[in-house]
J.: 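Take this structure first; my questions come after.
All values derive from a computational prediction rather than experimental measurement.
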Amino acid sequence: MKVAINYFKILGLSLLMLTLSVSCDTDEFLENVNKSNLTDATQWESEPNADVFLNDIYSEIPNKVNQTETLDYYTDDYNISHYYTASNWRIGVCIVPSSSTDNPWGGTQGPTYGYTWQNFFVKIRKCNTFLQKLEENKGNFSEAYFKKRIDEVRFIRAFFYSEFFVQMGGLPIITKQLDRNTMSPEELQQPRKTFQETFDFIVSELDAVVKNGNLAIKYAKSDREAGRATLGAALALKGWVELFGASPLFNTATPYLPDPNKFVHFGNYDPARWVKAAATNKEFIDKFGNGKNYNLFADLKDFWRVANEYNSEVIWDRQVVANVSGMGGNYEGRGGVTYVLGEYRTWGNYNPTQELVDQFAMANGKAITDPTSGYNPQKPYVNREKRFYDFIVYDGAPYKLDWMPRADTIYTRIDLTYPNPDRTNQIDLAGKTDVGDSGYYQKKRINPDAAPGTDASGQNYVFLRYAEVLLNYAEAQNEAVGPDASVYDAINKVRQRSEIAALPAGLTKDQMRAAIARERRVEFCFEDKRFLDTKRLAQTAQVMGKARHNMVIRNSVPSNNSGVWVYSIEPEVKYTVKFEPKQYMNPIPQNVLDQNSGIKQNPGY
């Protein structure tokens with residue numbers, strides 16, 4: 001993909017084409033006309049020309065490494081600054097916007113993360129245009145090309161729907177181009193479908209793609225089409241959507257707020273939904289997993305390196321190109337350690353909470369709440385599990401990324417003897433600098449190969465990886481039949497990769513449910529999974545309705561640090577936290593409601 005982008009630049013494609021996100025054959029482009037001058041007549045006369053339009057559809061996949069806010073800002077895993085839209089959401093402020101907006105700076109519309117009502121339907125229109133035009137010009141394409149590209153776009157359209165569905169609930173299902181010149185108002189003004197109808201559409205589209213078998217199961221980094229849709233991505237996404245739908249917030253006859261139109265719940269509880277989710281994820285494991293096409297990557301701390309893109313665990317990702325304007329990653333500039341080797345490096349936004357840190361087990365696999373675990377609250381960072389050291393920067397942590405000329409040690413403690421605390425990573429309880437105020441920084445997903453800078457990182461954004469399939473299966477199977485041997489096998493594979501002992505035998509269904517939830521929270525921290533997990537499990541009101549906590553470390557003799565360092569877990573003070581049930585789903589913009597009487601608002605707004 002990186003090479004292909006350079007050829008696009010050489011060939012002088014338009015700025016729009018410079019945002020493409022998939023590989024292209026170099027000779028193929030060199031043998032064809034300038035793609036920036038394509039017309040509607042020539043766009044569909046050959047496979048390379050049609051691919052230019054398809055590449056633009058791929059560019060519509062949000063580049064989430066460059067989103068100012070992540071979904072994790074809306075969870076209890078982060079302690080964030082006060083000026084984000086997430087900070088308003090955390091105090092219960094989420095209101096109907098006048099029009100589509102994704103404002104991250106003090107907005108009041110809730111999380112968007114790459115999608116607004118307006119840009120979602122732009123994405124869908126592009127997909128529908130491609131599908132319609134390819135069908136109309138079918139004679140210009142080989143049968144293999146036609147079948148493959150149709151299924152790619154059906155997958156991408158279902159992916160777009162799945163991403164917006166989890167934020168909005170039922171959506172208008174539009175599968176053809178809308179034309180105001182030829183269609184009546186009734187045809188143009190598509191109504192919202194129910195939660196069930198939208199869910200069924202997404203699942204059926206993904207199921208058809210899988211059954212057609214026209215796509216590759218997986219691409220390697222060396223494959224010229226790496227980055228395109230695959231059978232693996234379609235089946236894994238189907239399994240995730242089914243797990244989402246089977247979960248308590250939606251799989252119920254009693255929604256979180258009155259929902260007479262059934263936009264945000266199924267309208268009944270059906271245990272078969274758990275069975276279906278388990279079966280789909282098991283199908284992936286049996287057909288594609290366990291080393292056939294996908295497997296757990298050996299060392300998770302190196303999973304996101306550019307050199308390891310498309311490794312055995314990656315199922316579906318969004319490509320990112322370092323050092324190309326608008327296409328590189330800026331994720332590292334917004335978070336991670338603020339001062340490195342005495343120099344300001346990041347905004348310091350990604351500050352893990354004590355709630356998250358406490359979920360990491362001890363090296364012996366036991367929870368810190370277990371009196372036999374060996375945990376010492378005054379030596380809280382001793383003998384913790386491997387993922388803790390790979391994912392979290394704590395007080396006294398050694399810190400050495402590959403781009404750094406030498407190692408550093410990160411201190412977040414309050415040191416009154418230090419002459420200039422504002423030039424260190426000392427915890428900023430006053431919130432006046434970019435230094436974090438939780439006592440922790442994030443290490444996971446911070447690029448070790450490139451110093452923070454504009455477009456400096458080339459790490460792809462990974463939507464789905466094999467560990468999620470395993471834990472999706474474990475959760476669904478546990479809910480469907482209880483903690484059988486296959487549930488243990490799935491969760492223990494994830495634990496063993498991180499050198500944690502297997503779960504003890506004889507767990508009850510409730511105990512296994514708690515173990516899976518803890519494993520998901522630790523394994524997928526900082527990957528935008530926590531927000532959707534607490535939502536679907538109807539836990540957001542509980543976890544976001546109370547203050548998060550920081551680790552504040554002070555010396556018992558602060559004047560000269562001659563005493564002992566005392567570790568104190570203290571609540572954050574900058575928010576008066578609140579969660580309203582309506583916040584489980586986002587509001588629909590007012591102008592959408594005004595323009596289309598078939599669109600009804602979500603509950604509570």
Side-chain angles (χ1 to χ4, degrees), residues 76-79 300-301 337 350-400 407-418 424-429 435-444 494-504 507 511 514-515 517-523 525-526 530 543 546-573:
D76 56 342
D77 279 0
Y78 273 160
N79 188 333
L300 195 55
K301 76 175 186 300
V337 178
Y350 311 144
N351 304 136
T353 60
Q354 190 63 44
E355 279 76 4
L356 172 60
V357 168
D358 285 348
Q359 294 299 303
F360 287 85
M362 299 296 287
N364 57 20
K366 296 181 180 182
I368 66 170
T369 53
D370 185 332
T372 67
S373 69
Y375 177 72
N376 182 345
Q378 291 306 307
K379 294 182 179 180
Y381 313 134
V382 176
N383 293 328
R384 300 299 288 269
E385 63 164 283
K386 182 178 184 295
R387 287 177 297 191
F388 174 76
Y389 302 109
D390 290 343
F391 296 175
I392 305 292
V393 182
Y394 53 92
D395 179 77
Y399 194 69
K400 175 64 171 71
D408 199 354
T409 301
I410 307 303
Y411 292 105
T412 62
R413 63 189 63 178
I414 296 175
D415 185 353
L416 298 185
T417 71
Y418 197 85
T424 72
N425 295 298
Q426 183 175 146
I427 190 169
D428 179 24
L429 294 175
V435 172
D437 52 4
S438 76
Y440 301 101
Y441 291 98
Q442 174 182 332
K443 187 176 182 182
K444 181 185 183 184
V494 176
R495 291 171 65 88
Q496 289 161 8
R497 190 254 299 272
S498 294
E499 302 174 6
I500 307 173
L503 289 175
L507 295 181
Q511 289 171 330
R518 190 204 72 84
E519 203 66 36
R520 287 185 70 92
R521 189 173 186 185
V522 171
E523 177 72 13
C525 66
F526 319 136
R530 174 71 175 167
V543 300
K546 56 187 178 183
R548 270 67 61 194
H549 288 78
N550 310 316
M551 177 62 82
V552 184
I553 307 169
R554 305 176 178 88
N555 200 277
S556 60
V557 184
S559 60
N560 61 11
N561 294 343
S562 61
V564 298
W565 292 101
V566 180
Y567 294 75
S568 176
I569 297 174
E570 301 178 7
E572 64 177 358
V573 296

J.: Rounded to the nearest 0.5 Å, how far apart are CG of N351 and OG1 of T412?
T.: 10.0 Å
J.: Using only atom types and a distance under 3.5 Å, with no angle test, would you say the side chain of S438 pairs donor to acceptor with the backbone of Y440?
T.: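 Answer holds: yes.
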J.: With rounding to the nearest 0.5 angstrom, report the OH to CD distance, Y78 to Q442.
T.: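 The OH atom of Y78 sits 3.5 Å away from the CD atom of Q442.
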J.: Does the N550 side chain pair with the main chain of D437, one donor and one acceptor, at a distance under 3.5 Å?
T.: yes
J.: With a 4.0 Å cut-off on N to O distance, would you call E523 and R497 a salt bridge?
T.: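 Between R497 and E523 there is a salt bridge, with a charged N closer than 4.0 Å to a carboxylate O.
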J.: Is there a side-chain contact (heavy atoms from CB on, under 4.5 Å) between D390 and K443? Walk through the geometry before answering.
T.: CA-CA 7 Å; D390 290 343; K443 187 176 182 182; 5.7 Å; no
J.: If the plane angle is over 60° it's perpendicular, under 30° parallel, otherwise tilted; pick one for F391 and F360.
T.: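 Correct class here is perpendicular.
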J.: For E499, check side-chain contact (heavy atoms from CB on, under 4.5 Å) against everything at least two apart and list the hits.
T.: K386
J.: Does E355 pair with K546 as a salt bridge, N-O distance under 4.0 Å?
T.: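 No, E355 and K546 are not salt-bridged.
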J.: Roughly how far, to the nearest 0.5 Å, is OH of Y375 from OG1 of T369?
T.: 10.5 Å
J.: Spell out, as yes or no, whether a donor-acceptor pair under 3.5 Å connects the side chain of T353 to the backbone of D76.
T.: yes
J.: Specify the closest pair of heavy atoms between F526 and P352, including all atoms of both residues, with the distance to one decimal.
T.: CZ-CG, 3.6 Å
J.: Indicate yes or no: does R495 engage E385 in a salt bridge with an N to O separation below 4.0 Å.
T.: no
J.: Working to the nearest 0.5 Å, report the span between CZ of R518 and CD of Q359.
T.: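 Answer for the CZ-CD pair, R518 versus Q359, is 7.0 Å.
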J.: Taking the side chain as every heavy atom from C-beta outward, state whether I427 and E570 have any pair of such atoms under 4.5 Å apart.
T.: no
J.: Looking only at non-hydrogen atoms, find the nearest pair between L356 and R521 and report the distance.
T.: N-NH2, 3.8 Å
J.: Fit a plane to each ring of F388 and Y381, take the angle between them on a 0 to 90° scale, and name the class: parallel (under 30°), tilted (30 to 60°) or perpendicular (over 60°).
T.: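 F388 vs Y381 ring planes: parallel.
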J.: Compare all side-chain heavy atoms of M551 with those of I569 and state whether any distance is below 4.5 angstrom.
T.: yes
J.: Could you give the distance from CZ (R387) to OG (S498), rounded to the nearest 0.5 Å?
T.: 4.5 Å
J.: Could you go through L429 and V552, starting from their C-alpha distance and side-chain angles, then the distance that decides it, and tell me whether this counts as side-chain contact (heavy atoms from CB on, under 4.5 Å)?
T.: CA-CA 9 Å; L429 294 175; V552 184; 4.1 Å; yes
J.: Could you pull out the closest heavy-atom pair between V494 and E519, with the gap in Å?
T.: CG1-OE2, 4.2 Å
J.: How far apart are the closest heavy atoms of G365 and I500, and which atoms are they?
T.: CA-CG2, 3.5 Å
J.: For R384 and V357, which heavy atoms make the closest approach, and how far apart are they?
T.: NH2-O, 2.9 Å
J.: With a 4.5 Å heavy-atom cut-off, do V435 and T424 have their side chains touching?
T.: no
J.: With heavy-atom distances below 4.5 Å as the criterion, would you say the side chains of V566 and Q378 are in contact?
T.: yes
J.: For atom NZ of K379, decide whether the heavy atoms of other residues, nucleotides or ligands shown that lie under 6.0 angstrom number more than 12.
T.: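 No, not enclosed.
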J.: Using the test side-chain contact (heavy atoms from CB on, under 4.5 Å), find all partners of N555 that sit at least two apart in sequence or belong to another chain.
T.: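 Result, side-chain contact (heavy atoms from CB on, under 4.5 Å) vs N555: V557, N561, W565.
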J.: How close do D395 and R413 get, counting heavy atoms only, and between which atoms?
T.: OD2-NH2, 2.6 Å
J.: Measuring from atom CG of D358 to atom NE2 of H549, what distance do you get when rounded to the nearest 0.5 angstrom?
T.: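 It is 10.0 Å, given to the nearest 0.5 Å.
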